[in-house]
**Student:** 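What follows is a structure written as structure tokens; I'll ask about it next.
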Protein chains: 2
Amino acid sequence: MQKTNRPTINDVARVAGVSKKTVSRVINRSPLLSGDTRERVEQVIADLGYIPNPQARALALRRNYLIGLVHDNPNAQTVMNVQQGMLEALYGTEFEMVVRPLNRGSATMLDDLRHFLERQRLFGVLLMPPVSENDTVAELCDSIGCRYVRMGSAALDTAEHMVASNDREAVRAATQYLIGEGHRRIGLVLGPHGFRSARERRLGFEDALKAADIALPRSLIADGNYTFESGIVAAERLLDLMPRPTAIFSSNDEMAAGVVHAARQRGLDIPRDLSVIGFDDTPIAGHLWPPLTTVRWPIASMARSAALKLIAGVGDNPEPEVREPSMFLSTLIRRASVAAPGDG
Amino acid sequence: MQKTNRPTINDVARVAGVSKKTVSRVINRSPLLSGDTRERVEQVIADLGYIPNPQARALALRRNYLIGLVHDNPNAQTVMNVQQGMLEALYGTEFEMVVRPLNRGSATMLDDLRHFLERQRLFGVLLMPPVSENDTVAELCDSIGCRYVRMGSAALDTAEHMVASNDREAVRAATQYLIGEGHRRIGLVLGPHGFRSARERRLGFEDALKAADIALPRSLIADGNYTFESGIVAAERLLDLMPRPTAIFSSNDEMAAGVVHAARQRGLDIPRDLSVIGFDDTPIAGHLWPPLTTVRWPIASMARSAALKLIAGVGDNPEPEVREPSMFLSTLIRRASVAAPGDG
DNA sequence: TTGTAAGCGTTATCAT
DNA sequence: ATGATAACGCTTACAA
């Protein structure tokens with residue numbers, strides 16, 4: 001219980017024989033300091049083990065050294081991967097991460113967020129999809145003076161304010177792969193209405209069919225909402241079709257697991273009777289039987305890059321000039337859930 | 001003067017015609033205030049939409065209204081459930097949640113944590129397993145003056161500092177169920193060495209066998225580390241045994257998924273040829289084929305209770321007298337992965 | 001290049 | 001029961 005032992009800026013100033021402002025300048029890397037004084041002060045700081053008090057800084061600066069993760073994403077693994085990436089970027093800096101889940105669809109969501117941002121005076125926030133797709137939220141951050149970077153499945157904002165994966169192109173490639181294997185009747189399980197990622201993935205799917213001159217009847221498109229259960233429902237409808245699709249692209253892995261589940265219940269063998277491709281490459285993809293061919297997007301890398309953008313130009317961190325990439329490529333992970341169509 | 005239009009305590013004091021200290025008293029629910037003044041000040045607070053500045057409070061109180069979640073748990077879903085539970089408890093309070101992952105096995109882990117706690121001056125932390133099992137960490141929190149509550153699979157601390165599930169009893173019951181179905185050769189896949197949960201679950205397993213007077217040869221016990229892959233390895237060893245076990249209890253679902261995977265690769269049917277029980281009831285359990293019988297522990301409830309303990313007696317929150325429960329019961333979720341043994 | 005004084009918005013001390 | 005005044009630890013003017 002030795003709270004008294006923690007040195008303050010005054011202690012450093014006294015021991016170093018300078019004013020606290022000088023110490024403050026050293027801490028904040030002010031350019032106008034004699035190398036002499038700087039070294040001396042830095043030595044004292046090291047000797048005393050002085051660490052600036054974040055609360056005092058927050059008060060004086062009217063800004064907290066806190067980076068928020070704001071999300072309303074239902075996928076635990078995705079959220080964890082984002083946290084992981086952010087923390088990599090924040091490690092060794094003076095920033096901490098604060099997580100703020102939002103209730104999707106809640107009427108008070110925007111107010112909740114405003115309260116949160118205003119009260120805590122966050123330095124910046126990383127917005128995860130789907131809330132990141134909401135322009136009003138971005139404007140809110142702007143108006144409050146809180147930096148923000150949006151994560152998305154397509155270019156949502158300027159490079160400074162966004163990191164994105166190219167879902168459309170990735171799904172196009174995945175679907176093309178299916179077509180290359182000989183599939184012509186390919187079902188599509190959609191993501192939830194209003195999700196940008198759902199739209200992008202659908203567009204990529206359609207791109208591939210169009211390029212191969214394959215018609216896409218509405219009946220081959222089934223609704224879904226990214227849940228396992230919705231994948232089952234969608235697959236049941238698709239597998240009732242006559243003739244049956246020989247392959248299904250599911251807009252995420254969770255639903256793909258539902259598709260696999262439904263197919264198995266009908267005694268269909270995957271991939272012999274039905275090929276399946278998912279999206280996300282969550283752990284479930286590798287654990288399914290057979291292991292699921294899917295699209296992997298570099299979540300953690302994107303989140304790391306986003307966090308670096310947020311803290312760019314602060315302290316030791318690279319200046320904004322050193323641009324972090326904004327577009328990330330997703331890749332097709334080929335496992336065992338795809339084969340050439342049989343004589344279905 | 002008003003750079004931001006956000007009212008401060010001074011504004012409230014001026015408008016209400018009292019001193020800032022009086023306003024402070026109102027905010028902090030000081031008992032020695034005339035109901036008259038209180039009402040007047042509260043009215044002004046409401047009119048102005050005044051919200052105390054957390055940074056200033058943190059500086060004056062030398063304590064942040066931040067609750068930390070400290071964890072080194074590899075399971076994304078578990079961590080998310082804990083976050084969920086904490087946020088439920090924190091919702092509507094002045095507290096925010098900060099997440100702090102720790103690198104298990106890192107030599108600097110303890111130092112990292114100390115730095116974090118000292119710098120951020122957290123109000124309290126929720127320690128998740130397995131790091132919560134480390135007494136040194138608890139002592140560290142104590143010495144820094146940071147409240148803490150440990151989550152665990154057995155009573156780790158006093159009621160004030162802990163919420164626990166009774167893993168041993170839950171596994172005993174699960175194993176007894178297996179025995180009741182007629183199984184006698186039951187394999188056990190262990191959790192990682194040094195994890196309290198692994199130990200408790202093993203003990204529960206042994207309790208049940210002992211009560212039923214069933215011998216447990218060492219060969220029926222396989223190592224694991226809570227990962228899917230380790231489940232596969234363990235199952236392969238177990239299924240090589242002659243005679244083969246008719247059932248396997250896996251110390252978590254992830255490994256149980258590996259067991260199912262390995263069994264399927266050998267052409268074994270579950271549950272006809274092999275019954276399997278897991279632990280955790282993560283989403284994977286319901287998605288497996290067949291759906292996995294498993295033990296569900298009330299993670300979110302435990303986390304909520306833990307968070308309530310942490311903020312007990314502050315502001316509107318119930319006094320410490322109103323004790324939150326410390327022990328939580330886990331329940332067996334019967335699905336389709338268990339049946340009576342065949343003629344294996 | 002460095003120091004002085006005045007905040008930042010709250011709580012604690014000690015009056016009255 | 002209430003208020004003046006001094007912390008809390010740091011930063012931003014503005015001087016020197």
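Every chain is numbered from 1 and lettered A, B, ... according to where its sequence line falls, protein lines coming before strand lines. Hydrogens, waters and symmetry mates play no part in the numbers below; they use all other heavy atoms, side chains included.
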**Student:** Base, sugar-phosphate, or nothing: which does Leu59(A) touch, judged by heavy atoms less than 4.0 Å apart?
**Tutor:** base
**Student:** In whole Å, what is the span from the CD1 atom of Ile45(A) to the C1' atom of dG9(D)?
**Tutor:** 14 Å
**Student:** Pick from Glu139(B), Glu160(B), His161(B): which one makes a side chain to side chain contact (heavy atoms under 4.5 Å, CB included) with Tyr148(B)?
**Tutor:** His161(B)
**Student:** Any chance you could list the contact pattern along nucleotides 10-16 of chain C? Use B for base contacts, S for sugar-phosphate-only contacts and - for none, protein heavy atoms under 4.0 Å, 5' to 3'.
**Tutor:** BBB----
**Student:** Ser19(A) side chain N/O closer than 4.0 Å to the phosphate oxygens (OP1, OP2) of dT4(C)?
**Tutor:** no
**Student:** With sequence neighbours left out, write down each residue that passes side chain to side chain donor-acceptor pair (under 3.5 Å) with Asn64(A), or none if nothing qualifies.
**Tutor:** none
**Student:** Just checking, is any N or O donor in the side chain of Thr8(B) or Lys20(B) under 3.5 Å from an acceptor N or O on the other one?
**Tutor:** no
**Student:** Applying the side chain to side chain contact (heavy atoms under 4.5 Å, CB included) test to His71(A), which of Val99(A), Leu102(A), Val125(A), Thr78(A) qualifies?
**Tutor:** Val99(A)
**Student:** Can you measure Arg14(A) atom CZ to dG3(C) atom P for me and round it to whole angstrom units?
**Tutor:** 15 Å
**Student:** Does a nitrogen or oxygen in the side chain of Thr22(B) sit under 4.0 Å from OP1 or OP2 of dG3(D)?
**Tutor:** yes
**Student:** Where do Leu69(B) and Gln83(B) come nearest, in terms of heavy atoms and distance?
**Tutor:** CD2-CG, 3.5 Å
**Student:** Rounded to whole angstrom units, what separation is found between the CZ atom of Arg6(B) and the P atom of dG9(C)?
**Tutor:** 9 Å
**Student:** Could you check Arg62(B) against Arg40(B) and say which one's nearest nucleotide on DNA chain D is further toward the 5' end?
**Tutor:** Arg40(B)
**Student:** Measure the distance from CZ on Arg63(B) to P on dG9(D) and round it to the nearest whole Å.
**Tutor:** 15 Å
**Student:** Rounded to whole Å, how long is the line connecting atom CD of Gln55(B) with atom P of dG9(C)?
**Tutor:** 10 Å
**Student:** Inspect the contact between Arg57(A) and Glu94(A) and indicate whether a charged nitrogen and a carboxylate oxygen are less than 4.0 angstrom apart.
**Tutor:** yes
**Student:** Under 4.0 Å from OP1 or OP2 of dT2(C): is there any side-chain N or O of Thr37(A) that close?
**Tutor:** yes
**Student:** Angle class for the Phe95(A)/Phe123(A) ring planes (parallel below 30°, perpendicular above 60°, tilted otherwise)?
**Tutor:** perpendicular
**Student:** Rounded to whole angstroms, how far apart are CD on Glu39(A) and C1' on dT1(C)?
**Tutor:** 16 Å
**Student:** Whole angstrom is fine here: how far is it from CZ in Arg119(A) over to P in dG9(C)?
**Tutor:** 15 Å
